[in-house]
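In the text below, chain A, chain B and the rest are named by the order of the sequence lines, each starting its count at 1.
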Number of protein chains: 2
Amino acid sequence: MRGKPDLAAKSKATIADVARAAGVSTATAGRVLGGYGYTSEEKKEQVLKAAQELGYRPNALARGLITGQTRTLGVVAGDIQNPFYASVLRGISNVAEANGFGLLITNSDEAQAKEVHSVELLAQKQVDGLIVTPSDTRKARHLHNLKGMGMPLVLIDRAVAGLMVDRVATDNIAAAEQAVRYLIAAGHRRIGIVAELVDETNGGLDAFLARAIAGDPIESELLYPSWQRLLGYIRAHRIEGLPVDPRLVQRAGSYSALAAQAAVPRLLTMPDPLTALFTTDGTMSEGVMRALTELKMSIPQDLSLICFDDIDWMSFHRPGITVVAQPRLAMGEAAARMLLERIRGEDYPPRTVLMPAEMIERGSVAQLDQPKAVPEHRRSGLKR
Amino acid sequence: MRGKPDLAAKSKATIADVARAAGVSTATAGRVLGGYGYTSEEKKEQVLKAAQELGYRPNALARGLITGQTRTLGVVAGDIQNPFYASVLRGISNVAEANGFGLLITNSDEAQAKEVHSVELLAQKQVDGLIVTPSDTRKARHLHNLKGMGMPLVLIDRAVAGLMVDRVATDNIAAAEQAVRYLIAAGHRRIGIVAELVDETNGGLDAFLARAIAGDPIESELLYPSWQRLLGYIRAHRIEGLPVDPRLVQRAGSYSALAAQAAVPRLLTMPDPLTALFTTDGTMSEGVMRALTELKMSIPQDLSLICFDDIDWMSFHRPGITVVAQPRLAMGEAAARMLLERIRGEDYPPRTVLMPAEMIERGSVAQLDQPKAVPEHRRSGLKR
DNA sequence: CTGAAAGCGCTTACAG
DNA sequence: CTGAAAGCGCTTACAG
């Protein structure tokens, strides 16, 4: 092929090419271009000039192969399109970028098989560390392996049984408790909850409710977020001396707005109707909102509402939806910072960072002027 | 360090290790592990067994260095947190994953300097191809360079002057025209528009309006999306024989919800008030919605509204917002597919894929029972 | 400070 | 079908 020899050369200038053009060894050229070791000012200038002319661009593959570091972080998110993950990813990206790291991103769709596949892909690409939102809090051999091989690892949102690594999450129990106590303080006594609750390892919803209502100790660390938020809901009732009616606990059973939407009619057809509703995440909130809109329920006249996580539409909605907002961006940033520390070799014991959610009051909660005190006959429910 | 010699070995088994354990050459081990060349069943089994036992994991860096391919796509998005980009990225991710490609993602925040930096990072990491949403449609030397060096490149949403590469975008002019004609058909005569319109290279808004209203030919290909959508707005007026009142065209001047919000009062304080409003993207819509909520304007009683791009809240809002929805996911998928074709070496002339937006009717447009015909004294405006 | 040489973990002609 | 050898583009001891 004739013509454009310059361009062709330009597209593939290596350190050897630069060294030759500058009249130095590849070692010297490498030292100035790579910014390591010492070089005389004179040679440095020659090399820089030659590099400029040849349009030299370092090959990160070669560098990574030899240094064992790629300056790339891997992330396994549930679904990049979901606002929760989108924000978390932006937080990770901010920190990565500030430190000169690239970001290799995959979606697991909360499916273990895809997660395993993603992790394998990222490991082969030699990422320096991994941030994952584990799809299963019990089985995660791939993550244990990774850790065993010394791969820096940070978990977001969920923990994994027996996996001692850094983790950042929202303090789900406290956040849910705060929201539900807020409703109770506003005079609500019949408060529904719509939660994903897909995992069955807790012995089923009924058994879990029985234990939680009885105040039995529950190992909450390994609970999926929706169970933790349910626990906060129950704890708020206990603290306020209000009985928990299991029929008010609606399980969507899958992580989809449709499932949440389907759960709403089940709540509204009860004899002693609820006056308030608590949803445990953005997707559940979406489904609930669709259901309420369809049923032409007015908020907060017909029903008060507090949602977990602040999705953008919640502030445009009329009335604005009162929420407990997770610090999504900050969670991503914290996770990335912790990962970078591990990559640098800092050697703390595994840290769990539980970040507080922020309650944002808007207009979706009605102040009831019913007696604040819980009627005697209901109080008894607590003792069962 | 004593102990766990197996684990240590396991974490770094190379082809040479596997070859040794299997009693074959590295070439043979490489052939079966890499899936290239021919091997006898017998040796293949030995190698596979050894690899399994050693926990061999291929090093994509070494493979990439020698093959010149990394099976990684680079993406420069505006802001991964923005629903538009989040969806586009998911589309790209779907196609990448299905083809065994990884995804290196960066944010430009629509700033040229960050974009240049991102592109450089991705190029150093030797991505096989790049998808970018260019932040500047005029100057983009980095992209021209990239193309000159043979890097496969696909543009999303915006074009770049003189850069002949594949591109996928929404057919903005047609989509906006459709929306505005819909409003006109509903009887609206005073239709406002809130658009970003940040670029000044069109000689300023007034000059642009004058040319467009006069029907002068306009090279629309290089226009930023908000200008294209404004063009659709004007074209709809022309087609329907309605004059364009420049005061109804509100320029936010920056890509922020706040700027859009500030533009709304300027529209509502006119003597001959508007009855409908058209917003040109999700961020503008957000700002406009905040303003209308604050002003306690009822939709569609006080004002009809059509928004460009279907953001999730628009379907929860009461009433639902009528929108022209961009096929965001499909755009990402199309872009990724085109890029993969280029990476495979397919050699078409540069393709521009303009995807149609879909109009979704909800409840934000009031049917006016004013005369459908445009009054005579207004028609004259067209002839100026 | 500088250069010759080895090597990171693979793949690719080239013989046999 | 298989192996010895070279090489991808860098960095890293090691001499000098």
State whether the number of non-hydrogen atoms from other residues, nucleotides or ligands found under 6.0 Å of A:His144 atom NE2 is greater than 12. yes
For a quick check under 3.5 Å, do A:Tyr255 and A:Asp79 share a side-chain donor-acceptor pair by atom type? no
Taking for each residue the nucleotide of DNA chain C bearing the nearest heavy atom, is the 5' side occupied by A:Ser40 or by A:Leu65? A:Ser40
Under 3.5 Å, is there a donor-acceptor pair between the side chain of B:Ser93 and the main chain of B:Leu89? no
Taking atom types as modelled and ignoring hydrogens, do the side chains of B:Thr72 and B:Lys125 form a donor-acceptor contact shorter than 3.5 angstrom? no
Quick check on DNA chain D: between A:Ala16 and B:Thr28, whose nearest nucleotide comes earlier from the 5' end? B:Thr28
With no hydrogens and no angle check, just 3.5 Å: does a side-chain donor-acceptor pair link B:Glu120 and B:His142? no
Can you tell me the base-pairing partner of C:dC1? Count Watson-Crick or G-U wobble geometry only, both distances below 3.5 Å, and say none if there is no partner. D:dG16
Check the side chains of B:Ser87 and A:Gln81 for a donor-acceptor pair under 3.5 angstrom, ignoring hydrogens and angles. yes
Of A:Thr14 and B:Gly23, the one whose closest DNA chain D nucleotide lies more 5': B:Gly23
5' to 3' on DNA chain D, which nucleotides open and close the contacts with chain A (atom under 4.0 Å from a heavy atom)? D:dG9 to D:dA13
